[in-house]
Q: 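A single structure is presented below for examination.
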Amino acid sequence: MKKYLLSLSLTTLSLAAIAQNRVTVNADAGKTVISRHIYGHFAEHLGRCIYDGFYVGEGNSKIPNKNGVRLDVVEALKKMKIPNLRWPGGCFADTYHWKDGIGPKAKRPKIVNTWWGGVTEDNSFGTHDFLNMCELLGTEPYLAGNVGSGSVQDLSDWVQYVNFPSNSPMSNLRQQNGRQTPWNVRYWGVGNEAWGCGGNMTADYYANIYRQYATFMAPQVGKETIFRIASGASSDDFNWTETLMKNIPGKMVEGVALHHYSTFGWGPNEKGSATEFTETQYAHTMHEALKMDVFVQKHSEIMDKYDPQKRIALVVDEWGAWYEVEPGTNPGFLYQQNTMRDAILAGATLNIFHKYAERVRMANLAQAINVLQAVILTKGDKLLLTPTYHVLEMYNVHQDATMLPVDVKTEDYKVGDYTLPAVSVSASRDKAGKTHISLVNIDAGKPQEITISLKGLKASAVRGRILTSPKVQDHNTFENPTKVKPASFTGTKLNGDNLTVTLPPVSVVVLEM
Ligand code: AHR
């Protein structure tokens, strides 16, 4: 008896030493498609996102470009499979008058970018430049209209300018400016952060204004039936979503936005460094990021009350981490580095979007180049891909695949006052019948073993890719641009319907079955 007790307690001990995460992938229960548009990006006239990021000017002989758009950027974003790109803001959108950005560049008016650094905006990158660039990238444009300081007429003119094929004042103007056929833009934002930089409106006031703008945007101009996105709530402002859903007739809106940034606070110097942080600060960022699950769930529940058919999409058109700018850079330019912390944040957030794929059908990481949680950083003619880029590239196998629901029983990851789930998981089956499982080990201290039961799936082989690095602070620099990059992953054991995976600390893995 004593011997039995001893062996029992030894077994219990060794079990306790190995992290015990259990996942069931319900491969027989997939019914919802993960829209590729949740992998969207955001390009604002902010700091070096457009100028110096996407666009280096037609006359630039040092950096290879097409019509001023960097070709190395085009190549990287195409490889990542960028499905849509939001432009021109952000806060900038509600100061932007699109007619300033058309016609001969030398004649375009110069304005002040009042939100971002007070710099002069010469309007050399305007509607034609952006929409032609989207064609080059093979991505769908998402135009954010000016509600805060624009007019109903201006926005309705913009729709006509870019979408109307035949004879009209705006389409004729487009043709005079060199573009014969319309671009057929589908996605349109009706203002941005109307509760803040978009006009400091109340939810009731904005709901009324929205109805007016949406009426004159004419759902169909030319070939394209447009998809109108109402300026949405910040994080947990559930009243905003409730007011919009209650007061905007369902037939007048196709999407309602939501913004959520992971930060330490909005006060001066409160946001912390992008690269120098403790494990507790890392846990704080992840704690903020994982709130996305509750926010999406609660905003969706409100939308369900008014739109049980889920016709209206929840569009998370700004998300990501927000830190202090890199030392010595313009505080108004929001230029920050990007570490493994951001890769973990991206992987876990995308897993959340997959989980709510029925309602979350579009999202935009803020922002694409040189601003906030960027996928690309540039310096002169140099370009680097951030750890976040690699996660989005690895995860692109989920675009337009059928989401497979997962049941996750995870260990806790405890740091200071924070208790977080150690692992985050999602799965999907693509059109070719391949199943992909994305796994994130949030734990910065321990490997995590996960036993995955593959329900309704006969897998014969598994292969995978991993993104990891010894330290959560690790990042790519212009001196060492490939310090953090994906590698092939061999930490799996397949045994019938069961798969065992061991994830190193701070790692993102995508498996293909
Ligand atoms: O992405 C930076 C800014 O964050 C955007 O301009 C604004 O919409 C948000 O507050």
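Counting starts at 1 for both ligands and their atoms, following the listed order.
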Q: For ligand 1, which atoms have a heavy atom of Phe42 less than 4.0 angstrom away?
A: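 The atoms of ligand 1 under 4.0 Å from a heavy atom of Phe42 are 1 (O).
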Q: Take every heavy atom of Trp115, measure it against each atom of ligand 1, and state whether any distance is under 4.0 Å.
A: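 Flag not set, Trp115 not near ligand 1.
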Q: Identify the closest protein heavy atom to atom 4 (O) of ligand 1: which residue and atom is it, and at what distance?
A: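 Going by distance alone, atom 4 (O) of ligand 1 is nearest to Glu318 OE1, 3.2 Å.
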Q: Between Glu254 and Arg186, does any side-chain N to carboxylate O distance fall below 4.0 Å?
A: no
Q: I need the atoms of ligand 1 closer than 4.0 Å to a non-hydrogen atom of Leu372, numbered in the order shown.
A: 1 (O), 2 (C)
Q: What class does the angle between the rings of Trp240 and Tyr206 fall in, given that below 30° is parallel, 30 to 60° is tilted and above 60° is perpendicular?
A: parallel
Q: Report the part of Trp319 in contact with ligand 1, treating N, CA, C, O as backbone and CB onward as side chain, heavy atoms under 4.0 Å; options are side chain, backbone, both, neither.
A: neither
Q: Is the ring centre of Tyr96 less than 6.0 Å from the ring centre of Trp87?
A: yes
Q: Can you tell me how the ring of Tyr413 sits relative to the ring of Tyr282, calling it parallel under 30°, perpendicular over 60° and tilted otherwise?
A: tilted
Q: Could you check Phe353, Phe295, Trp319, Trp322 and say which one makes a ring pair (Phe, Tyr, Trp, His ring centres under 6.0 Å) with His260?
A: Phe295
Q: Between the candidates Trp266, Tyr261, Trp322, which shows the shortest non-hydrogen contact distance to atom 1 (O) of ligand 1?
A: Tyr261
Q: Spell out, as yes or no, whether a donor-acceptor pair under 3.5 Å connects the side chain of Asp100 to the backbone of Pro109.
A: no
Q: I'd like to check which ligand 1 atoms, numbered from 1 as shown, lie under 4.0 Å from a non-hydrogen atom of Gln367.
A: 1 (O), 2 (C)
Q: Got an N/O contact under 3.5 Å between Cys91 and ligand 1?
A: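 Yes, Cys91 has an N/O under 3.5 Å of an N/O on ligand 1.
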Q: Can a salt bridge be assigned to the pair Glu135 and Arg179 using a cut-off of 4.0 Å between side-chain N and carboxylate O?
A: yes
Q: Distance under 4.0 Å to a non-hydrogen atom of Glu193: what atoms of ligand 1 satisfy this?
A: 7 (C), 8 (O), 9 (C), 10 (O)
